[in-house]
> 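Before I ask anything, let me first share the structure, which is written out below as structure tokens.
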Amino acid sequence: MALMRVRVATWNINSLRLRLPLLEKVLAELDPDVLCLQETKVPDPLFPADLFPGRAAEHHGYAHVAYRGMKGYNGVAILSRIPFTVDEAAPDWCAKGDCRHMAVSLAVPSGPVALHNFYVPAGGDEPDPAINPKFAHKLAFVEEATAYFAAQSPFTRTVLVGDLNIAPLEHDVWSHKQLLNVVSHTPPETTRMRQWLETGFVDAIRHFVPSDRKHYTWWSYRNRDWRASDRGRRLDHVWVSPDLVSSLQGHTTLKEARDWERTSDHVPVSVTLSL
DNA sequence: ATGGTTGAGGATCAA
């Protein structure tokens with residue numbers, strides 16, 4: 001059977017409704033077959049009926065759409081050209097019902113592919129679980145996810161994407177030393193993330209970008225000039241099961257999106273596979 | 001050490 005190009009993109013959009021015009025721009029730039037979004041910040045009843053006003057029917061080619069949102073915070077969505085079924089049995093992490101994850105099975109002709117879209121808790125400011133419940137939640141969330149995938153291991157034909165809110169490697173942050181006690185890069189987080197990865201994933205972005213090269217996907221709004229200060233972090237990730245490594249074709253981190261008007265503080269990331 | 005900005009929603013809270 002002929003293989004199919006499957007390009008999966010992930011973007012923390014930081015309000016879907018506010019950035020609908022940029023959504024179309026991301027699709028034009030990356031041409032993904034599947035786009036996973038985080039921080040949609042839209043309750044399900046208010047999810048836009050027409051994602052691309054004035055464009056072609058059926059969502060501008062992305063006929064398959066699923067979403068899980070809530071008021072004010074969090075929320076994930078998946079737009080796809082490839083049909084999928086939603087995994088309704090996926091866990092409700094930390095039993096909070098807080099719309100931080102969706103799993104689907106993509107109907108790729110060569111066989112189904114499991115796709116996980118995660119929005120891991122940011123964890124607040126204080127990196128001490130004893131005094132900061134948000135940090136405790138973050139650690140517990142990652143531990144639950146680790147246990148979930150460990151129980152399935154070894155798994156195949158699986159792609160995991162999302163805003164994982166952890167920059168695991170030295171060169172995933174602008175200053176390893178200065179961020180060691182800053183939430184997103186602390187040893188309790190990076191250690192747990194490594195354990196999660198090692199349940200059976202390969203870091204697909206670092207497959208393409210050498211680990212000794214600085215690489216970021218997020219720059220704070222709180223910098224006068226994000227590009228000049230370049231105090232970025234790699235918080236957004238694409239992982240694949242080892243059987244898919246030989247299918248990896250390329251990747252794009254759309255850094256230019258950080259310069260768009262009224263954009264997200266995260267930029268889109270895509271990985272292309274031949275499946 | 002501190003402050004810096006953005007979004008949701010309508011006061012702060014989350015990031």
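Here the structure is a predicted model, which means the values were calculated and not measured. Lettering of chains follows the sequences in order, A, B, ..., and the numbering in each one begins at 1.
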> Quick check: on DNA chain B, is the nucleotide nearest N165(A) upstream (toward 5') of the one nearest N223(A), or the reverse? Name the residue that is more 5'.
N223(A)
> Check the distance between dT6(B)'s P and I13(A)'s CD1 and give it to me in whole angstrom.
17 Å
> Just call it for R231(A): base, sugar-phosphate, or nothing, with non-hydrogen atoms closer than 4.0 Å on any strand.
nothing
> Using atom C1' of each nucleotide, how far apart are dC13(B) and dA1(B) to the nearest Å?
24 Å
> In whole angstrom, give me the gap between the C1' atoms of dG3(B) and dG9(B).
24 Å
> Using the ring-ring contact (aromatic ring centres under 6.0 Å, His included) rule, pick out the option among F118(A), F201(A), F149(A), F155(A) that qualifies with W239(A).
F201(A)
> Which one, dA8(B), dA15(B), dT6(B), comes nearest to the side chain of Y221(A)?
dT6(B)
> Just the rounded figure in Å: distance from C1' of dG4(B) to CH2 of W218(A).
11 Å
> Under 6.0 Å from the six-membered ring centre of W174(A) and within 45° of its axis: does the NZ or CZ of K214(A) meet both?
no
> Taking the nucleotide of DNA chain B with the closest heavy atom to each, which residue, M70(A) or G124(A), is nearer the 5' end?
M70(A)
> Checking the side chain of D243(A) only, and the main-chain atoms of R157(A) only, is there a donor and an acceptor separated by less than 3.5 Å?
yes
> CD of E126(A) versus P of dA15(B): gap in Å, rounded?
15 Å
> Over 60° means perpendicular and under 30° means parallel, so tell me whether H101(A) and H116(A) are parallel, tilted or perpendicular.
parallel
> Would you say dA8(B) has OP1 or OP2 under 4.0 Å from some side-chain N or O of K71(A)?
no
> When the C1' atoms of dT2(B) and dA8(B) are compared, how many Å lie between them, rounded to an integer?
26 Å
> Compare the minimum distances between each of dT6(B), dA14(B), dA15(B) and the side chain of Y73(A), then state the nucleotide with the smallest one.
dA14(B)
> How would you label the contact of R100(A) with the nucleic acid (heavy atoms, under 4.0 Å): base, sugar-phosphate, or nothing?
sugar-phosphate
> For the side chain of L18(A), counting heavy atoms from C-beta on, which of dA8(B), dA15(B), dT5(B) is nearest?
dA8(B)
> Could you state the atom-to-atom distance from CG of D236(A) to P of dA15(B) in whole Å?
15 Å
> Check the phosphate of dG7(B) against R262(A), side-chain N and O only, distance under 4.0 Å to OP1 or OP2. Yes or no?
yes
> Between W226(A) (CH2) and dT6(B) (P), how many Å, whole number?
15 Å
> Please report the distance, rounded to the nearest Å, between CZ in R233(A) and C1' in dA15(B).
10 Å
> Using a cut-off of strictly less than 4.0 Å, decide whether R224(A) has a side-chain nitrogen or oxygen near OP1 or OP2 of dT5(B).
no
> Classify the side chain of R17(A) and the base of dA8(B) as holding, or not holding, a donor-acceptor pair under 3.5 Å.
no
> According to a hydrophobic-cluster definition based on side-chain heavy atoms being under 4.5 Å apart (Ile, Leu, Val, Met, Phe, Trp, Tyr only), do W219(A) and I13(A) belong together?
no
> Has the side chain of T253(A) got a donor or acceptor atom that lies under 3.5 Å from a matching backbone atom of K255(A)?
no
> What integer distance in Å separates H266(A):NE2 from dT6(B):C1'?
12 Å
> Please state how far atom CD in E39(A) lies from atom C1' in dG7(B), giving the value in whole angstrom units.
9 Å
